[in-house]
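A note on names: the letters A, B, ... follow the listed sequences, proteins ahead of strands, and every chain is numbered from 1.
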Amino acid sequence: MIKATCLIINVGAGVQSARALNSLFGSRAGVRMVNQVDDFLRGTDGSLDVGRLWRRFTSAAQRFLESEAGSVPAPRRGSLPRVRNYFDATQLSDEAVDVAIAKSIRRKSGARGTSSGQIPASADQVEFMLQKMTAWRRNVHAANPHLASLPANVKGTIIHSFVSKRMRGLDVAGLRVNERLNSPFLAPGTSQHISAATGVPYTYRIPDFRLQATTLDIKPQGTSLTGAQVDDFMSFGNTSDVRFINYYPF
Amino acid sequence: MLSPAEVLKMLVGLKEVNDLDVINDDAVLAASCTESDKATVRSMAAIIEEVYDSFDYEASPEFLAKLEGKSEQVQTMHRKLLDQTKRRDAVRRLGEAITQLLSSNDAFNLVNIEQHHRLIALKELAESIGRV
């Protein structure tokens, strides 16, 4: 009787330990062991064979300890590795930061990516992206004393180049970057304006961006939205939707 | 067209704002140098990239001169005092020194001796701009 009581006490402690281990490891062996001990305590089969149950229990406990605790030693308190569960931006490269800013601008525009990687966007969304990127880069360049000291045309070309590069990286569906806009009507000489370089009427123009019928061009603030270039944009592109992306000269 | 000193300023400025790759865009070079100088400017950009990437103020002649003749403890202290702010400041000074490479040798004092051949090549390339 005393032996049986001690056994039950020990087994009760075993259940607690097994449950604790089971909650720790969540293993099948742990579950089996707990069930066997439960069966033993409840005596559900009516013919209690303590020896058989004890053997099954100890065997399951041993398997459990070997398979689980043996292969995966319980970590000692205080020795757990520190897990970084936050985003550490200090490790980002300058390029990664620029890519992240460009993506943020794209997301803010409302344009959403597709599974193919291309981004379908409206003309308004593209205009928003161009405005933000141009302003961002204009400010970065203006704050750099070396770049700020360069002639205006060089600074403007650098901004164009940067924005073109980033827009290409965003892969907006149907967006044409720095592509020739040829006259759809006639061969050379369809423009009413004479090229200063060739001395003959323009045969093509190169707008910074084109999305379907919309032409977008980066210009310094104050540039008039009229003139030979705009006329040709409208005439060659057969559209009246020409938009300037302005930046403040520096 | 830009003068050699302005080309150096442009390249250093572009490197500082992480836009040095726009030099691959022909439009940028067309606005800043003659056709015959385009290859030279691209070579200069490559050298500047290398100088920046290999820059380590701790290995500079200026810093090493500070340590010369000092005890190991003092040397360790100098290295410990070289925090991120001072390192960033050294990079900023490097940019300034490269833009003045044609008139000053400050850059040689900041760049590791093993990298001096790059500075010499950069100076020669800059001096050749505009010479046809």
Side-chain angles (χ1 to χ4, degrees), chain A residues 88-102 133-169 177-180 196-197 205-209 217-220 247 249-250, chain B residues 1-35 37-38 41-42 44-45 48-49 51-53 55 83-85 87-89 91-103 107 122 126 129:
Chain A
D88 184 7
T90 59
Q91 302 304 315
L92 287 178
S93 67
D94 290 346
E95 179 60 20
V97 171
D98 286 354
V99 169
I101 293 172
M133 275 196 208
T134 306
W136 161 41
R137 231 44 206 172
R138 180 264 170 214
N139 292 341
V140 169
H141 292 179
N144 183 282
H146 305 308
L147 291 179
S149 68
L150 297 174
N153 66 319
V154 177
K155 290 188 280 197
T157 312
I158 289 172
I159 289 179
H160 276 76
S161 181
F162 174 86
V163 177
S164 300
K165 181 185 74 174
R166 292 290 167 198
M167 285 306 286
R168 279 199 188 98
V177 184
N178 292 330
E179 273 191 18
R180 270 189 187 189
R205 293 281 190 174
I206 304 179
D208 293 330
F209 303 95
D217 212 55
I218 299 171
K219 297 279 183 203
Y247 66 89
F250 58 100
Chain B
M1 295 303 116
L2 301 181
S3 68
E6 282 178 322
V7 170
L8 282 170
K9 277 188 181 179
M10 177 179 75
L11 296 176
V12 168
L14 288 173
K15 176 63 190 169
E16 286 176 342
V17 300
N18 188 41
D19 284 350
L20 195 54
D21 56 346
V22 300
I23 285 301
N24 297 323
D25 184 352
D26 242 27
V28 173
L29 287 183
S32 51
C33 67
T34 60
E35 188 66 35
D37 284 333
K38 283 182 179 177
V41 175
R42 287 201 173 108
M44 290 169 68
I48 286 176
E49 183 97 61
V51 169
Y52 266 86
D53 289 350
F55 180 65
D83 58 8
Q84 284 305 312
T85 312
R87 285 178 195 273
R88 270 199 299 273
D89 189 52
V91 175
R92 190 194 54 73
R93 284 175 56 211
L94 172 72
E96 199 63 43
I98 292 176
T99 62
Q100 291 165 8
L101 192 60
L102 295 171
S103 57
L122 182 62
I129 287 177

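Other residues, nucleotides and ligands contribute more than 12 heavy atoms inside 6.0 Å of the NZ atom of B/K15.
Residues A/R137 and B/D19 are paired through a salt bridge, judged by an N-O separation under 4.0 Å between the basic side chain and the carboxylate.
Of the listed residues A/V140, A/T157, A/N178, the one with more heavy-atom pairs under 4.5 angstrom with chain B than any other is A/T157. Counting heavy-atom pairs closer than 4.5 Å to chain B, the top-ranked of the candidates A/D98, A/N153, A/V97 is A/D98. Counting heavy-atom pairs under 4.5 Å between each of B/V12, B/I23, B/T99, B/L8 and chain A puts B/T99 at the top.
Of the inter-residue distances, the one linking B/N24 atom CG with A/S161 atom OG reads 8.5 Å to the nearest 0.5 angstrom.
Closest of all the heavy-atom pairs between A/L150 and B/E6 is CD2-O, 3.7 Å.
Interface residue A/N144: only side-chain heavy atoms are found under 4.5 Å from chain B. Residue B/L11 does not touch chain A at all, counting heavy-atom pairs closer than 4.5 Å. B/D21 touches chain A through its side chain: at least one heavy atom from C-beta onward sits under 4.5 Å away, while N, CA, C and O do not.
The side-chain heavy atoms of A/H146 and B/M10, taken from C-beta on, include no pair separated by under 4.5 Å.
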